[in-house]
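The structure appears right after this line, and notes come after that.
So you know, we letter chains A, B, ... as the sequences are listed, proteins then strands, and number each from 1.
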2 protein chains.
Amino acid sequence: MDDPNLIDTKGGAAPTLAQVAARAGVSPITVSRVLRLPDMVARPTRERVEAAMRALGYVPNLVAGSLASARSRAVGVLVPTVANAIFADTIQGISDALEPLGYAVVLAQSRYDDTREEKTLAALLGRRPEALIMVGSPATAVGGEMLRRARIPVVETWDLPVNPIDAVVGFDNHAAGAAVAQHFAATGRRKLAFIGGDDPRATRRWMGFHEMAQEAGLEPPRRLVLGRNARAGVAAVAELADSDAVFAANDALAIGVLAGLRPANRRVPDDIAVVGLGDLEIGRLIAPSLSTVRIDGGAIGRTAGRLILSNEGSRHINLGFTLLIRHTG
Amino acid sequence: MDDPNLIDTKGGAAPTLAQVAARAGVSPITVSRVLRLPDMVARPTRERVEAAMRALGYVPNLVAGSLASARSRAVGVLVPTVANAIFADTIQGISDALEPLGYAVVLAQSRYDDTREEKTLAALLGRRPEALIMVGSPATAVGGEMLRRARIPVVETWDLPVNPIDAVVGFDNHAAGAAVAQHFAATGRRKLAFIGGDDPRATRRWMGFHEMAQEAGLEPPRRLVLGRNARAGVAAVAELADSDAVFAANDALAIGVLAGLRPANRRVPDDIAVVGLGDLEIGRLIAPSLSTVRIDGGAIGRTAGRLILSNEGSRHINLGFTLLIRHTG
DNA sequence: CTGAAAGCGCTAACAT
DNA sequence: ATGTTAGCGCTTTCAG
């Protein structure tokens, strides 16, 4: 039963805590204490142990420690994709909040695929993380159930689910969509379009956008589901011939739309307005600068990290968004 | 000795393999086999065990499994930062290559800080990953020694170190810098500048750039070390008054330079050429489109993933780069 | 095809 | 301040 996909772990066993103990002439538990509770150990003893560690190049086996103590000091992080810059700041924020405290970040991607998400969640939970942070909410009931049974802090982010599993750090996607539609209506746009994925968060943006357009007495906006990256934005332009305002569910998409509009000779914002979401640094720097719904992804990550470390304060945090009208709409 | 930063792991123990075994009326090892070697177990037995697992909501404890088998099925990934989009594709590539095989990605950031890198490396190795992939090479001798002693596959990426620890997947940063300088010289530029960080890879780009400029008979280029993000690019423009060509060590920086040049009324590429590195999708979409040294970050990640899974073929892979001259230079 | 025994490397709980 | 004992939840090895 040889699995050809196994990494060939070379020979040469790593030194163990017991070996350090033997070399220092103490019992294993003393070495363990030098590592975790150093000032519980007498100075000379500690120094002998430390010398032994250095001599052997000892690296404590956290896997064994996790099993013995039932504390993995790991947090699972599940994002749709890391390639989309929109989530990078959130991962960074989580890492910034937790790594200094000795937590490891175990990262996994769902790729916007519900089946994969379920598998990934199981794989993540198998490592017994002390908490799990995810962008969005579990797509399946099974996934949700797994998280609930795991009995660890769970933080759903980038949205405000109605029935959260535990903690939430996000913003109101519906309201964000509505805000953009309202802005378009207020600036005299008549034929709106939305471009984005069909995941729950994008769909909520669409719902808010759609409803507010109706309320403003505009004809129903179009919805284009072509992908989530800049290329999809370029492609979308072919369908935008009779729209005068587009809300793209993320900034990369919006920048793609801008790029597609240029050769089509449609002037932005005169002929058509374009608003993105996320506020990538680059959106502010291009010309014309991109109007967008600003989301503070870094704050989402840091807040999620803080939430799993403490039970004080609210566990349902709405970080909001800001409509930033720059030069494209 | 209460650490207030401990996550409050709630009560309610997760079901164990032994409990599943008891419920199914088999011995623990049989449950273990159902999980790992299902077709070694008779059909009816297997079905009983599977039913018991479902009934209990059993999630195998991979921490215990790792300890017992000495195989963690985890890979450590160390990057300078995840916020810089330039490494996102590499992480994605690693994840794509390894997650389907059951490996977890333990992600950590060095933040271009040598001390932090050393600590992070130790933290990573303590989890006993079966391999470690890093962007660049260990900054300190201690870090290198730790990696060597870990006796696991190590892949250094985004560079071609002269004395690699083990495997390498990267490109020649020196040659990339030289190629840009050569291009500038060939297109009549006289006063070159370089903007980037002071990390080893950026420095190698600078060296190549500088040497080739000399060879081409140009006056020595300037080197600006102001940061690595787009904002640093904007700031750099103040120092670029008498340069007619800039090589920015990454595309975000280059886009920042472009943004800074606009209000300064300096035309690109007529007054000044700008070339980046990385080939972010967005660079191709802005106007004028960004000239850049294309690096296939995704391929670097996937190749690194493949390398740690197999010992066949070369372990020193130069994936090269492509100079892409578009509209900024 | 299934099981019994032993142990991975560490820490918790109790001594002393 | 240090040590002893037991055991975390699983897999390995060897039997049958």
ask   = Just how far, in rounded Å, is C1' of C/dC8 from CD of A/Q19?
value = 13 Å
Salt bridge (Lys or Arg N to Asp or Glu O under 4.0 Å) partners of residues 42-62 of chain A, not counting sequence neighbours, each pair once = A/R43-A/E47
ask   = Is a side-chain donor or acceptor of B/T16 paired with a backbone partner of B/Q19 at a separation under 3.5 angstrom?
value = yes
request  = Please determine if a side-chain N or O atom of A/Y58 lies less than 4.0 Å away from the OP1 or OP2 oxygen of C/dG9.
outcome  = no
query = What is the distance from CZ of B/R128 to C1' of C/dC8, rounded to the nearest Å?
reply = 12 Å
request  = Would you classify A/V63 as touching base, sugar-phosphate or nothing, given that sugar-phosphate means primed atoms plus P, OP1 and OP2, and contacts are heavy atoms under 4.0 Å?
outcome  = nothing
key: Closest contact, heavy atoms only, A/A52 versus A/A24   = CB-CB, 4.0 Å
ask   = Does A/R302 come within less than 4.0 Å of A/D96, counting only side-chain N to carboxylate O?
value = no
inquiry  = Out of the candidates B/M146, B/E118, B/E156, only one should pair with B/P138 under the side-chain contact (heavy atoms from CB on, under 4.5 Å) rule; please name it.
reply    = B/E156
With 3.5 Å as the limit, what N/O pairs link the protein to nucleotides 13-16 of chain C?
none

query = Within the structure, does a side-chain N or O atom of B/T30 lie under 4.0 Å from either OP1 or OP2 of C/dG3?
reply = yes
Backbone of B/M134 reached by a side-chain donor or acceptor of B/T157 within 3.5 Å = yes
query = Rounded to whole angstroms, how far apart are CE on B/M40 and P on C/dG3?
reply = 12 Å
request  = On DNA chain D, check which nucleotide each of B/V31 and A/R46 is closest to and give me the residue with the more 5' one.
outcome  = A/R46
ask   = How long is the line joining CG of B/L67 and P of C/dC10, in whole Å?
value = 9 Å
inquiry  = Using a 4.0 Å cut-off to any heavy atom of chain A, which nucleotides of DNA chain D are the first and last in contact, reading 5' to 3'?
reply    = D/dA1 to D/dG9
remark   = Contacts of B/V26 and A/L35 projected onto DNA chain C by closest heavy atom; the upstream (5') one is B/V26
query = Salt-bridged, B/E117 to B/R111, with N to O below 4.0 Å?
reply = no
task = To the nearest Å, give me how far apart CG (B/D39) and P (C/dT2) are.
result = 12 Å
request  = Can you tell me which residue pairs pass the ring-ring contact (aromatic ring centres under 6.0 Å, His included) test with a partner in residues 76-95 of chain B, sequence neighbours excluded?
outcome  = B/F87-B/W158
inquiry  = Expressed as a whole number of angstroms, how long is the span from B/L125:CG to C/dG9:P?
reply    = 16 Å
inquiry  = Quick check on C/dT2: is either OP1 or OP2 less than 4.0 Å from any side-chain nitrogen or oxygen of B/S27?
reply    = no
Donor-acceptor pairs under 3.5 angstrom involving side-chain atoms of residues 57-70 of chain A: please list them, not counting sequence neighbours.
residue	atom	partner	partner atom	Å
A/N61	OD1	A/V63	N	2.8
A/N61	OD1	A/A64	N	3.1
A/S66	OG	A/L62	O	2.7
A/S69	OG	A/G65	O	2.8
A/S69	OG	A/R71	N	3.3

Pairs touching residues 74-88 of chain B that satisfy side-chain hydrogen bond (donor to acceptor under 3.5 Å, both in side chains), sequence neighbours left out = A/Q92-B/T81
query = Rounded to whole angstroms, how far apart are CG on A/N61 and P on C/dC8?
reply = 12 Å
message = What contact category does A/T45 fall into here, base, sugar-phosphate, or nothing, at under 4.0 angstrom with non-hydrogen atoms?
response = sugar-phosphate
query = When the distance from CZ of A/R71 to P of C/dG9 is rounded to whole Å, what number comes out?
reply = 23 Å
